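The structure appears right after this line, and notes come after that.
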2 protein chains.
Amino acid sequence: MQISKGVEWAVHAASLLNGLPAGRGLKAEALARYHDVPAAYMAKQLQALSKAGITKTSRGAHGGYRLAKPADQISLWDITAAVDGNSPAFRCTEIRQNGPCALKSDDCKRPCQIAAAFASAELAFRDNLASISLADIAGQVVNESEPEHLFAIVNWLNAEAEPLSDKSSL
Amino acid sequence: MQISKGVEWAVHAASLLNGLPAGRGLKAEALARYHDVPAAYMAKQLQALSKAGITKTSRGAHGGYRLAKPADQISLWDITAAVDGNSPAFRCTEIRQNGPCALKSDDCKRPCQIAAAFASAELAFRDNLASISLADIAGQVVNESEPEHLFAIVNWLNAEAEPLSDKSSL
DNA sequence: TATTATTCAGATAATAAATGTCCGAATAAT
DNA sequence: ATTATTCGGACATTTATTATCTGAATAATA
(Lines give C-alpha, C1' and ligand atoms only; values in the text may rest on other atoms or scores of the structure.)
Protein backbone atom coordinates (compact mmCIF):
# COMPACT_ATOMS: atom_id res chain seq x y z
CA MET A 1 0.00 0.00 0.00
CA GLN A 2 2.11 2.83 -1.32
CA ILE A 3 1.30 6.31 -2.60
CA SER A 4 3.44 6.93 -5.67
CA LYS A 5 6.39 9.25 -5.47
CA GLY A 6 4.80 11.33 -8.22
CA VAL A 7 2.13 12.50 -5.77
CA GLU A 8 4.76 14.02 -3.51
CA TRP A 9 6.38 15.80 -6.43
CA ALA A 10 3.07 17.00 -7.80
CA VAL A 11 1.99 18.52 -4.49
CA HIS A 12 5.31 20.30 -4.05
CA ALA A 13 5.18 21.54 -7.63
CA ALA A 14 1.61 22.79 -7.24
CA SER A 15 2.59 24.57 -4.03
CA LEU A 16 5.36 26.33 -5.90
CA LEU A 17 3.01 27.35 -8.72
CA ASN A 18 0.79 28.84 -6.02
CA GLY A 19 3.59 31.30 -5.21
CA LEU A 20 3.79 32.62 -8.77
CA PRO A 21 2.99 36.26 -9.53
CA ALA A 22 -0.23 36.66 -11.50
CA GLY A 23 -0.04 35.95 -15.21
CA ARG A 24 3.23 34.07 -15.00
CA GLY A 25 4.13 30.43 -15.32
CA LEU A 26 6.93 27.90 -14.91
CA LYS A 27 8.00 25.32 -17.45
CA ALA A 28 8.29 21.67 -16.46
CA GLU A 29 12.07 21.76 -16.56
CA ALA A 30 12.18 24.64 -14.07
CA LEU A 31 9.73 22.93 -11.73
CA ALA A 32 11.90 19.81 -11.82
CA ARG A 33 15.09 21.79 -11.26
CA TYR A 34 13.61 23.56 -8.25
CA HIS A 35 13.48 20.24 -6.38
CA ASP A 36 16.30 18.57 -8.26
CA VAL A 37 14.23 15.69 -9.63
CA PRO A 38 14.26 14.07 -13.11
CA ALA A 39 12.63 16.52 -15.54
CA ALA A 40 10.95 13.94 -17.77
CA TYR A 41 9.25 12.20 -14.88
CA MET A 42 8.23 15.46 -13.25
CA ALA A 43 6.66 16.43 -16.59
CA LYS A 44 4.60 13.27 -16.48
CA GLN A 45 3.04 14.28 -13.18
CA LEU A 46 2.32 17.79 -14.47
CA GLN A 47 0.53 16.31 -17.44
CA ALA A 48 -1.71 14.43 -15.04
CA LEU A 49 -2.49 17.66 -13.19
CA SER A 50 -3.43 19.38 -16.44
CA LYS A 51 -5.62 16.49 -17.49
CA ALA A 52 -7.48 16.83 -14.20
CA GLY A 53 -7.97 20.56 -14.65
CA ILE A 54 -5.71 21.51 -11.74
CA THR A 55 -3.14 23.28 -13.89
CA LYS A 56 -3.34 25.17 -17.17
CA THR A 57 -0.58 24.75 -19.73
CA SER A 58 0.78 26.83 -22.56
CA ARG A 59 2.88 25.19 -25.25
CA GLY A 60 5.52 26.55 -27.56
CA ALA A 61 8.05 29.26 -26.79
CA HIS A 62 7.59 30.83 -23.33
CA GLY A 63 5.17 28.07 -22.47
CA GLY A 64 4.71 26.55 -19.03
CA TYR A 65 2.33 25.66 -16.26
CA ARG A 66 0.18 27.69 -13.89
CA LEU A 67 -2.66 26.82 -11.52
CA ALA A 68 -6.03 26.62 -13.25
CA LYS A 69 -8.00 27.85 -10.24
CA PRO A 70 -7.55 29.49 -6.83
CA ALA A 71 -5.40 27.53 -4.38
CA ASP A 72 -8.22 27.25 -1.86
CA GLN A 73 -10.17 25.25 -4.44
CA ILE A 74 -7.41 22.68 -4.94
CA SER A 75 -7.27 19.97 -2.28
CA LEU A 76 -4.57 17.41 -1.61
CA TRP A 77 -7.06 14.74 -2.61
CA ASP A 78 -7.57 16.44 -5.98
CA ILE A 79 -3.86 16.16 -6.64
CA THR A 80 -3.57 12.62 -5.29
CA ALA A 81 -6.46 11.44 -7.43
CA ALA A 82 -5.09 13.19 -10.49
CA VAL A 83 -1.71 11.48 -10.22
CA ASP A 84 -2.49 8.11 -8.64
CA GLY A 85 -6.05 7.65 -9.86
CA ASN A 86 -9.18 7.43 -7.76
CA SER A 87 -9.81 3.71 -7.87
CA PRO A 88 -10.31 2.15 -4.43
CA ALA A 89 -7.20 0.81 -2.70
CA PHE A 90 -9.09 -2.25 -1.49
CA ARG A 91 -10.19 -4.36 -4.44
CA CYS A 92 -12.99 -6.78 -3.51
CA THR A 93 -12.70 -9.84 -5.73
CA GLU A 94 -15.95 -11.30 -4.38
CA ILE A 95 -14.36 -14.49 -3.14
CA ARG A 96 -17.51 -14.98 -1.07
CA GLN A 97 -18.99 -16.24 -4.35
CA ASN A 98 -16.33 -18.96 -4.59
CA GLY A 99 -15.91 -22.40 -3.05
CA PRO A 100 -18.15 -24.93 -1.30
CA CYS A 101 -20.22 -22.32 0.60
CA ALA A 102 -20.37 -19.83 -2.24
CA LEU A 103 -23.06 -17.18 -2.11
CA LYS A 104 -25.34 -16.95 -5.14
CA SER A 105 -24.88 -13.67 -6.97
CA ASP A 106 -28.51 -12.88 -6.15
CA ASP A 107 -27.54 -12.74 -2.48
CA CYS A 108 -24.69 -10.34 -3.20
CA LYS A 109 -26.65 -7.23 -4.01
CA ARG A 110 -25.39 -5.65 -0.83
CA PRO A 111 -21.62 -5.22 -0.79
CA CYS A 112 -19.46 -7.61 1.18
CA GLN A 113 -19.19 -6.35 4.78
CA ILE A 114 -15.42 -6.58 4.62
CA ALA A 115 -15.24 -4.51 1.44
CA ALA A 116 -17.68 -2.01 2.96
CA ALA A 117 -15.48 -1.60 6.02
CA PHE A 118 -12.45 -0.83 3.90
CA ALA A 119 -14.47 1.53 1.74
CA SER A 120 -15.48 3.44 4.86
CA ALA A 121 -11.85 3.73 5.97
CA GLU A 122 -10.81 4.96 2.54
CA LEU A 123 -13.57 7.54 2.64
CA ALA A 124 -12.15 8.84 5.92
CA PHE A 125 -8.75 9.07 4.26
CA ARG A 126 -10.08 10.91 1.21
CA ASP A 127 -12.22 13.29 3.26
CA ASN A 128 -9.22 14.18 5.35
CA LEU A 129 -7.10 15.00 2.30
CA ALA A 130 -10.01 16.78 0.64
CA SER A 131 -10.27 19.10 3.64
CA ILE A 132 -6.72 20.42 3.13
CA SER A 133 -6.11 22.87 0.30
CA LEU A 134 -2.99 24.24 -1.31
CA ALA A 135 -3.86 27.54 0.35
CA ASP A 136 -3.73 25.84 3.76
CA ILE A 137 -0.31 24.41 2.98
CA ALA A 138 0.95 27.74 1.74
CA GLY A 139 -0.28 29.43 4.90
CA GLN A 140 1.61 26.98 7.08
CA VAL A 141 4.76 27.34 5.04
CA VAL A 142 4.62 31.12 5.39
CA ASN A 143 4.03 30.89 9.13
CA GLU A 144 6.72 28.38 9.89
CA SER A 145 9.56 29.37 7.57
CA GLU A 146 12.48 31.69 8.16
CA PRO A 147 11.93 35.02 6.37
CA GLU A 148 15.16 34.66 4.40
CA HIS A 149 13.96 31.35 3.01
CA LEU A 150 10.69 32.86 1.80
CA PHE A 151 12.69 35.69 0.27
CA ALA A 152 14.89 33.20 -1.58
CA ILE A 153 11.83 31.50 -3.04
CA VAL A 154 10.26 34.77 -4.22
CA ASN A 155 13.60 35.74 -5.71
CA TRP A 156 13.96 32.47 -7.60
CA LEU A 157 10.38 32.69 -8.88
CA ASN A 158 10.93 36.21 -10.17
CA ALA A 159 14.01 35.06 -12.02
CA GLU A 160 12.48 31.90 -13.51
CA ALA A 161 8.82 32.71 -14.00
CA GLU A 162 8.04 33.80 -17.52
CA PRO A 163 4.99 35.75 -18.67
CA LEU A 164 2.64 33.28 -20.31
CA SER A 165 0.67 34.06 -23.39
CA ASP A 166 -2.99 34.35 -22.56
CA LYS A 167 -3.95 31.79 -25.15
CA SER A 168 -3.42 28.90 -22.73
CA SER A 169 -4.77 25.67 -24.12
CA LEU A 170 -6.99 23.13 -22.32
CA MET B 1 -2.02 3.03 -3.98
CA GLN B 2 -3.22 -0.51 -3.72
CA ILE B 3 -3.94 -2.80 -0.78
CA SER B 4 -2.60 -6.23 -1.64
CA LYS B 5 -4.95 -9.03 -2.50
CA GLY B 6 -3.51 -11.00 0.40
CA VAL B 7 -5.23 -8.64 2.84
CA GLU B 8 -8.62 -9.51 1.42
CA TRP B 9 -7.89 -13.21 1.68
CA ALA B 10 -6.47 -12.90 5.18
CA VAL B 11 -9.53 -11.06 6.49
CA HIS B 12 -11.90 -13.61 4.96
CA ALA B 13 -9.80 -16.47 6.35
CA ALA B 14 -9.70 -14.94 9.82
CA SER B 15 -13.46 -14.45 9.71
CA LEU B 16 -13.87 -18.11 8.91
CA LEU B 17 -11.56 -19.14 11.76
CA ASN B 18 -13.77 -17.05 14.02
CA GLY B 19 -16.62 -19.43 13.26
CA LEU B 20 -14.73 -22.50 14.43
CA PRO B 21 -15.94 -24.53 17.41
CA ALA B 22 -13.65 -24.20 20.44
CA GLY B 23 -10.48 -26.25 20.35
CA ARG B 24 -10.59 -26.87 16.64
CA GLY B 25 -8.56 -25.57 13.72
CA LEU B 26 -8.33 -25.47 9.95
CA LYS B 27 -5.29 -26.24 7.86
CA ALA B 28 -4.07 -23.78 5.26
CA GLU B 29 -5.21 -25.98 2.39
CA ALA B 30 -8.78 -26.08 3.73
CA LEU B 31 -8.86 -22.31 4.24
CA ALA B 32 -7.73 -21.85 0.64
CA ARG B 33 -10.23 -24.38 -0.68
CA TYR B 34 -13.09 -22.64 1.14
CA HIS B 35 -12.64 -19.57 -1.06
CA ASP B 36 -11.13 -21.38 -4.03
CA VAL B 37 -7.81 -19.51 -4.01
CA PRO B 38 -4.24 -20.80 -4.55
CA ALA B 39 -3.24 -22.77 -1.45
CA ALA B 40 0.44 -21.81 -1.43
CA TYR B 41 -0.28 -18.10 -1.56
CA MET B 42 -3.05 -18.34 1.01
CA ALA B 43 -0.53 -20.08 3.28
CA LYS B 44 1.81 -17.11 2.92
CA GLN B 45 -0.81 -14.74 4.29
CA LEU B 46 -1.58 -17.08 7.18
CA GLN B 47 2.11 -17.12 8.06
CA ALA B 48 2.00 -13.35 8.29
CA LEU B 49 -0.99 -13.54 10.62
CA SER B 50 0.83 -16.01 12.88
CA LYS B 51 3.94 -13.88 12.94
CA ALA B 52 1.80 -10.95 14.11
CA GLY B 53 0.21 -13.02 16.87
CA ILE B 54 -3.24 -12.98 15.31
CA THR B 55 -3.39 -16.73 14.72
CA LYS B 56 -1.88 -19.71 16.49
CA THR B 57 -0.54 -22.59 14.48
CA SER B 58 0.02 -26.28 15.11
CA ARG B 59 2.34 -28.21 12.83
CA GLY B 60 2.48 -31.86 11.92
CA ALA B 61 -0.40 -34.29 11.54
CA HIS B 62 -3.77 -32.72 12.43
CA GLY B 63 -2.12 -29.33 12.47
CA GLY B 64 -3.74 -26.09 11.41
CA TYR B 65 -4.62 -22.53 12.30
CA ARG B 66 -6.90 -20.98 14.89
CA LEU B 67 -7.35 -17.44 16.21
CA ALA B 68 -4.85 -16.55 18.92
CA LYS B 69 -7.23 -14.25 20.79
CA PRO B 70 -10.92 -13.29 20.99
CA ALA B 71 -12.37 -11.88 17.79
CA ASP B 72 -13.28 -8.58 19.43
CA GLN B 73 -9.59 -8.00 20.05
CA ILE B 74 -8.60 -8.43 16.39
CA SER B 75 -9.17 -5.36 14.24
CA LEU B 76 -9.10 -5.03 10.48
CA TRP B 77 -6.07 -2.80 10.88
CA ASP B 78 -4.26 -5.55 12.80
CA ILE B 79 -4.75 -7.88 9.85
CA THR B 80 -3.90 -5.24 7.24
CA ALA B 81 -0.69 -4.31 9.04
CA ALA B 82 0.26 -7.97 9.50
CA VAL B 83 -0.04 -8.72 5.79
CA ASP B 84 0.87 -5.44 4.09
CA GLY B 85 3.15 -3.96 6.74
CA ASN B 86 2.60 -0.78 8.72
CA SER B 87 4.97 1.57 6.94
CA PRO B 88 3.35 4.86 5.87
CA ALA B 89 1.79 4.95 2.40
CA PHE B 90 3.14 8.45 1.79
CA ARG B 91 6.93 8.43 1.76
CA CYS B 92 8.40 11.89 2.26
CA THR B 93 11.72 12.05 0.42
CA GLU B 94 12.50 15.49 1.81
CA ILE B 95 12.82 17.13 -1.58
CA ARG B 96 12.47 20.45 0.23
CA GLN B 97 16.15 19.94 1.03
CA ASN B 98 17.03 19.80 -2.68
CA GLY B 99 17.60 22.41 -5.32
CA PRO B 100 18.35 26.14 -5.42
CA CYS B 101 16.08 27.05 -2.49
CA ALA B 102 16.93 23.98 -0.41
CA LEU B 103 16.20 24.10 3.29
CA LYS B 104 19.13 23.38 5.58
CA SER B 105 18.60 20.19 7.55
CA ASP B 106 18.64 22.29 10.73
CA ASP B 107 15.43 23.97 9.54
CA CYS B 108 13.77 20.58 8.95
CA LYS B 109 13.28 19.46 12.52
CA ARG B 110 9.55 19.86 12.10
CA PRO B 111 8.11 17.52 9.47
CA CYS B 112 7.24 18.87 6.05
CA GLN B 113 3.67 20.25 6.11
CA ILE B 114 2.75 18.16 3.12
CA ALA B 115 4.02 14.96 4.71
CA ALA B 116 2.22 15.88 7.93
CA ALA B 117 -1.05 16.32 6.07
CA PHE B 118 -0.79 12.89 4.50
CA ALA B 119 0.20 11.36 7.84
CA SER B 120 -2.95 12.80 9.36
CA ALA B 121 -5.09 11.31 6.59
CA GLU B 122 -3.44 7.93 7.01
CA LEU B 123 -4.09 8.09 10.73
CA ALA B 124 -7.79 8.61 10.00
CA PHE B 125 -7.69 5.55 7.73
CA ARG B 126 -5.95 3.39 10.32
CA ASP B 127 -8.18 4.52 13.17
CA ASN B 128 -11.22 3.68 11.11
CA LEU B 129 -10.00 0.16 10.40
CA ALA B 130 -8.80 -0.26 13.98
CA SER B 131 -12.32 0.47 15.21
CA ILE B 132 -13.76 -2.52 13.36
CA SER B 133 -13.15 -6.00 14.79
CA LEU B 134 -13.63 -9.48 13.43
CA ALA B 135 -16.47 -9.78 15.92
CA ASP B 136 -18.20 -6.79 14.30
CA ILE B 137 -17.86 -8.38 10.88
CA ALA B 138 -19.17 -11.69 12.16
CA GLY B 139 -22.17 -9.98 13.71
CA GLN B 140 -23.05 -8.29 10.43
CA VAL B 141 -22.67 -11.53 8.50
CA VAL B 142 -25.01 -13.32 10.91
CA ASN B 143 -27.57 -10.53 10.72
CA GLU B 144 -27.58 -10.14 6.96
CA SER B 145 -27.23 -13.71 5.70
CA GLU B 146 -29.89 -16.22 4.79
CA PRO B 147 -30.22 -18.87 7.52
CA GLU B 148 -29.49 -21.68 5.07
CA HIS B 149 -26.20 -20.07 4.15
CA LEU B 150 -25.10 -19.86 7.78
CA PHE B 151 -26.15 -23.49 8.18
CA ALA B 152 -23.99 -24.49 5.21
CA ILE B 153 -20.98 -22.77 6.74
CA VAL B 154 -21.43 -24.44 10.11
CA ASN B 155 -21.84 -27.74 8.34
CA TRP B 156 -18.68 -27.31 6.32
CA LEU B 157 -16.72 -26.26 9.38
CA ASN B 158 -17.88 -29.29 11.32
CA ALA B 159 -16.76 -31.53 8.49
CA GLU B 160 -13.38 -29.87 7.91
CA ALA B 161 -12.33 -28.60 11.33
CA GLU B 162 -9.99 -30.96 13.09
CA PRO B 163 -9.26 -31.07 16.82
CA LEU B 164 -5.89 -29.44 17.35
CA SER B 165 -3.36 -30.72 19.80
CA ASP B 166 -3.03 -28.30 22.69
CA LYS B 167 0.71 -27.98 22.19
CA SER B 168 0.34 -25.17 19.71
CA SER B 169 3.64 -23.52 18.95
CA LEU B 170 4.47 -19.81 18.88
C1' DT C 1 11.91 -45.14 20.32
C1' DA C 2 12.38 -45.00 15.30
C1' DT C 3 9.63 -44.16 11.35
C1' DT C 4 6.46 -42.00 8.46
C1' DA C 5 2.88 -39.09 7.03
C1' DT C 6 1.46 -34.51 7.42
C1' DT C 7 1.88 -29.74 8.07
C1' DC C 8 3.91 -25.14 8.29
C1' DA C 9 7.81 -21.83 7.04
C1' DG C 10 11.15 -19.54 4.51
C1' DA C 11 13.55 -19.29 0.02
C1' DT C 12 12.85 -19.04 -4.97
C1' DA C 13 10.55 -17.79 -9.87
C1' DA C 14 6.84 -15.29 -12.76
C1' DT C 15 3.96 -11.49 -13.31
C1' DA C 16 2.20 -6.79 -12.85
C1' DA C 17 2.91 -2.07 -11.50
C1' DA C 18 5.53 1.84 -10.67
C1' DT C 19 9.49 4.52 -12.22
C1' DG C 20 12.23 6.66 -15.51
C1' DT C 21 13.36 7.98 -20.54
C1' DC C 22 12.72 9.21 -25.23
C1' DC C 23 10.84 11.10 -29.60
C1' DG C 24 6.99 13.20 -32.15
C1' DA C 25 2.99 16.78 -32.15
C1' DA C 26 1.74 21.43 -31.20
C1' DT C 27 2.32 26.23 -30.34
C1' DA C 28 4.20 30.88 -30.55
C1' DA C 29 7.76 34.01 -31.76
C1' DT C 30 10.62 35.62 -35.58
C1' DA D 1 6.44 30.31 -43.73
C1' DT D 2 10.08 28.92 -40.78
C1' DT D 3 12.28 27.82 -36.63
C1' DA D 4 13.00 27.35 -31.84
C1' DT D 5 10.76 25.80 -27.86
C1' DT D 6 7.54 23.28 -25.15
C1' DC D 7 4.17 19.84 -23.94
C1' DG D 8 2.14 15.10 -24.67
C1' DG D 9 1.89 10.36 -25.17
C1' DA D 10 4.54 6.05 -26.47
C1' DC D 11 8.59 3.27 -25.08
C1' DA D 12 12.31 0.78 -21.69
C1' DT D 13 13.80 -0.21 -16.98
C1' DT D 14 13.42 -1.13 -12.32
C1' DT D 15 10.84 -2.42 -8.24
C1' DA D 16 6.95 -4.57 -5.84
C1' DT D 17 3.40 -7.86 -5.92
C1' DT D 18 1.79 -12.42 -6.90
C1' DA D 19 2.47 -17.19 -7.12
C1' DT D 20 5.12 -21.49 -6.51
C1' DC D 21 8.33 -24.86 -4.73
C1' DT D 22 11.45 -27.36 -1.60
C1' DG D 23 13.04 -28.12 3.05
C1' DA D 24 12.27 -27.96 8.35
C1' DA D 25 9.31 -29.25 12.15
C1' DT D 26 5.77 -31.72 14.52
C1' DA D 27 2.83 -35.50 15.97
C1' DA D 28 0.78 -39.92 15.24
C1' DT D 29 1.79 -44.82 14.55
C1' DA D 30 4.21 -49.16 14.83
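The structure presented is a predicted model; accordingly, all values stated were derived computationally and were not measured. Chain letters run A, B, ... following the sequence lines, proteins first and then strands; every chain starts at 1.
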From the list C:dA9, D:dC7, D:dT5, which nucleotide is the closest neighbour of the side chain of A:Arg59? D:dC7

For A:Glu162 and for B:Ala39, locate the closest nucleotide of DNA chain D by heavy-atom distance; then report the residue assigned to the nucleotide nearer the 5' terminus. A:Glu162

So, A:Ser4 versus A:Asp84: side-chain donor-acceptor pair below 3.5 Å or not? yes

Determine: side-chain N/O of B:Ser58 to OP1/OP2 of D:dA27, distance under 4.0 Å, yes or no. no

Under 4.0 Å: is that the gap between some side-chain N or O of B:Ser4 and OP1 or OP2 of D:dT18? yes

Any idea how A:Phe90 and A:Phe118 line up, ring-wise: parallel (<30°), tilted (30 to 60°), or perpendicular (>60°)? parallel

Under 4.0 Å: is that the gap between some side-chain N or O of B:Arg91 and OP1 or OP2 of C:dA18? no

Within residues 27-35 of chain A, the residues having a heavy atom closer than 4.0 Å to DNA chain D are A:Lys27, A:Ala28

When you measure from the side-chain N and O atoms of B:Tyr41 to the phosphate of C:dA9, is any distance below 4.0 Å, counting only OP1 and OP2? no

Side chain of B:Ser50 only, please: which of D:dG8, C:dA9, C:dT21 is the nearest? C:dA9

Could you work out which one of D:dA19, C:dA9, D:dT20 sits closest to the side chain of B:Ala40? D:dT20

Respond yes when some side-chain nitrogen or oxygen of A:Lys5 is under 4.0 Å from OP1 or OP2 of C:dG20, and no when none is. yes

Does A:Lys44 reach a base, just sugar-phosphate, or nothing at all? Heavy atoms under 4.0 Å. base

